[in-house]
Number of protein chains: 2
Amino acid sequence: MYTPSVHFVQILKRYRQGKSISCNRPGAVMKAKTSDRISGQDAGPPADGERPTLKTIAFMAGLGVTTVSRALKDAPEIGQATKNRVQLIAKQIGYRPNRAGVRLRTGKTNVISLVLNAQSEIMGLTSNMVYGITEVLSETPYHLTVTPYSVENDPMQPIRYIVETGSADGIIMSRTEPNDARVRYLTEHGIPFATHGRTEMGIEHPFHDFDNEAFAYRAVKSLGERGRRKVAMLAGPSPSVTYYRHLDRGFARAIGEGGVGSVSFSGIDVDTSLASIRDRMVEIMSGASRPDGIVCCSGSAAIAIVAGIEAAGLKIGEDVDLASKQSTDVLKWFRPQIIVFNEDVRQAGRELARAVLGRISGRDAKDLQTLSYPGESND
Amino acid sequence: MYTPSVHFVQILKRYRQGKSISCNRPGAVMKAKTSDRISGQDAGPPADGERPTLKTIAFMAGLGVTTVSRALKDAPEIGQATKNRVQLIAKQIGYRPNRAGVRLRTGKTNVISLVLNAQSEIMGLTSNMVYGITEVLSETPYHLTVTPYSVENDPMQPIRYIVETGSADGIIMSRTEPNDARVRYLTEHGIPFATHGRTEMGIEHPFHDFDNEAFAYRAVKSLGERGRRKVAMLAGPSPSVTYYRHLDRGFARAIGEGGVGSVSFSGIDVDTSLASIRDRMVEIMSGASRPDGIVCCSGSAAIAIVAGIEAAGLKIGEDVDLASKQSTDVLKWFRPQIIVFNEDVRQAGRELARAVLGRISGRDAKDLQTLSYPGESND
DNA sequence: TCCCAAATCTGAAACGTTACAGATAGGCTA
DNA sequence: TAGCCTATCTGTAACGTTTCAGATTTGGGA
């Protein structure tokens, strides 16, 4: 049994009184920080107002920094009494580990990086994602940094930067593609990440996805139930982001089951500017083969579609029905007639945060894949 | 004149060939990193695949780390030829300073923290703010971290955390109050920051603000021009955030100039839930003393107001006019009849980023205060 | 010839943390 | 009594950077 000869309370007391004290170990006398030239570790209390470090606690407890470091992380080789003392002092003086010190020593950054496309902002998506993520991270030592890239730039650029500079322990990214270079790169480099959306590369990785296939399927079905017989979908530009494929698949499946026919939109997709969508919709809805039901996967595009429909002299809910995904309530307020399916982006943020953290702590990628389903909120 | 005896190209070449080489200084032979027990600094090249450090460059150039460190930051006491060599090598091997090392040594984090209220999200505000900020930061070594707090929490909590842990060099925050505890605290602690919105504390600090007084004033005037004679404003909860005061002031000034009378809304404000706003609007607009013009400072609240008005059987642009601030185009698409005034939040983000950076680099707070004016985008 | 100043460059120390390889004391065994 | 094991605790080194206080060389002046 190892018994420290001086109890910390005495030291703490004398320390608080500003007295020069000597420790239970040789050489441990109070002295100025800068004039510390002796090789021993317990050089003395820090100057007033400075942030407490392990050294501060070590001095106050009459222990070595190593012991303090271990005591604070509940290492098995530290006595229970010592742990209690150390943890109490740490709490009392408001000790917080210096992130730079930890990072330099261990390489662990305690940072999660959210990589975003700064252009493709669908109403409120980014905000809610950020809030969802931070909600989860706030209970951990992790911070969130945001690293956007513009469309003109290579999506790989921010990823490479993060990996090369080791500036994050994990990455969350969106606009996932079927064959995603970022996923491949990060997998090769063994960096934990989670994607919003799935890939089709045969690489298992953490993701969270909204079931867009289910959404498109149910959207068509809903339109059919309202007697619509000729529906169209505002799809994504063909081969890029994965979720566009899922939309197509769900749409095709619903159509394939019969009862409802389809026409296709040409010249526009969800990435087209709102003004172009509106203008094209006027043309389409004025034409002979106009659809009587429309599926749309973006709240803002839905607004442009409505504008076009009404500019063509038709009425939502009467001449034509619109079923759309929404991530904020705006659409419901906009035209109550719109059939809306909710995607909870904040929840997605939470799931994604949990997924990266899980991956960081070594959990299997397969157990970190979640899907959320469209919530039909109206009628 | 100090002349290194071995030119770096030779060293670099041999280094690249993996050959064991000896440097121009004694003791500088290639050896494994871990077995480095000699006190000299130039221990040898790092293991393959590891990130280059100053040591790597120092070894390759046949210089000391100190010299390399200084050469990279263009210190005056380093010869021009050496600077060129060092900078060339650094570029070639893709050297990037280790942030943890810098941070530990200098205390500089190279981080800007955006402190946000996670609840009061006005459509797209956060996203655009974030994008604006990162646009500016992307040309600097600064990273952006997001630190949200929930309404239930003390707004001071994240601020204290950042200051106590020294986790950022500068802070950007919103929902500025006339007498803002955060501003006082940060000023006392000498931490650079910029606020979105102004205070009324007599403390000079960097800010960016939208001129809400001008907005409210012009909104009332616009309504007057359309023949509206009894206008009301959906104001903020009285004493809190500064910009509500500016709204009141602008509104009062416009009313004071005559021609237009005012009625007041009771029971709701911009922070009320959208459903409550809608419900209350139905009551108000069904009453005898209903306004014929409404001023609203939030896009989402405007949507709820419109819903209420229409539920009461009235038409926007005919029975009543609505003038609202918007930060995305949604309102314009929602009801083209709404009189909208644009606030460019992305631009605000840019200004705020420039303001904190300016403060960090020691510029005077007074020179870092900007105001933006409502852009009337329709008619 | 000697010394000094200017121009360059240098190692050691420090920031705060953790990993490594012991140290120390007490109790127990033989 | 000597020796060993266990339970605790320890100092040193290292992560990569910058600062401090010198070193070293060269050229020039006395």
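Since the structure is predicted, the reported quantities are computational estimates derived from the model, not experimental observations. First the proteins, then the strands, lettered A, B, ... as listed; each starts at 1.
- Rounded to a whole Å, the CZ atom of Arg103(B) is 15 Å from the C1' atom of dC15(D).
- To the nearest angstrom, C1' of dT10(C) lies 9 Å from CZ of Arg70(B).
- Rounded to an integer number of Å, the gap from Glu77(B) CD to dT24(D) C1' is 15 Å.
- Looking at heavy-atom distances under 4.0 Å, Ile78(B) makes contact with sugar-phosphate atoms alone, never a base.
- One finds no salt bridge joining Asp364(A) and Arg359(A) here, because no Lys/Arg side-chain nitrogen approaches an Asp/Glu carboxylate oxygen to under 4.0 Å.
- Set against dT17(C), dC15(C), dT10(C), the side chain of Leu63(B) has dT10(C) as its closest nucleotide.
- Counting to the nearest Å, the P atom of dG16(D) and the NZ atom of Lys73(B) are 16 Å from each other.
- We find that CG of Asn98(B) is positioned 14 Å from C1' of dT17(C), with the value rounded to whole Å.
- Distance Lys55(B) NZ to dG11(C) P: 12 Å, rounded to the nearest Å.
- Following rounding to the nearest Å, Leu104(B) (CG) and dT18(C) (P) show an atom-to-atom distance of 12 Å.
- Between Thr82(A) and dT8(D) there is no side-chain polar atom (N or O) within less than 4.0 angstrom of OP1 or OP2.
- Looking at Thr145(B) and Thr145(A), their side chains never bring a donor and an acceptor atom within 3.5 Å of each other.
- Annotation: of the two residues near DNA chain C, Pro76(B) and Tyr95(A), the 5′-most nearest-nucleotide partner is Pro76(B).
- Thr66(A) has no side-chain polar atom (N or O) that falls below the 4.0 Å cut-off from OP1 or OP2 of dT10(D).
- An OP1 or OP2 oxygen of dT17(C) is reached within less than 4.0 angstrom by no side-chain nitrogen or oxygen of Ser69(A).
- In this structure, Lys108(B) places its NZ atom 14 Å from C1' of dT17(D), rounding to the nearest Å.
- Between Leu72(B) and Ile57(B), the shortest heavy-atom contact is CD1-CD1, 4.3 Å.
- Residue-level contact check: Arg99(B) touches neither bases nor backbone, having no heavy atom under 4.0 Å from any strand.
- If you check every strand for non-hydrogen atoms under 4.0 Å, Thr67(B) touches a base.
- Looking only at side-chain heavy atoms (C-beta outward), Ile360(B) and Tyr142(B) come within less than 4.5 Å of each other.
- The base of dT18(C) is paired with the side chain of Arg105(A) by a donor and an acceptor separated by under 3.5 Å.
- With respect to the salt-bridge test (charged N to carboxylate O, under 4.0 angstrom), the residues Glu164(A) and Arg96(B) qualify.
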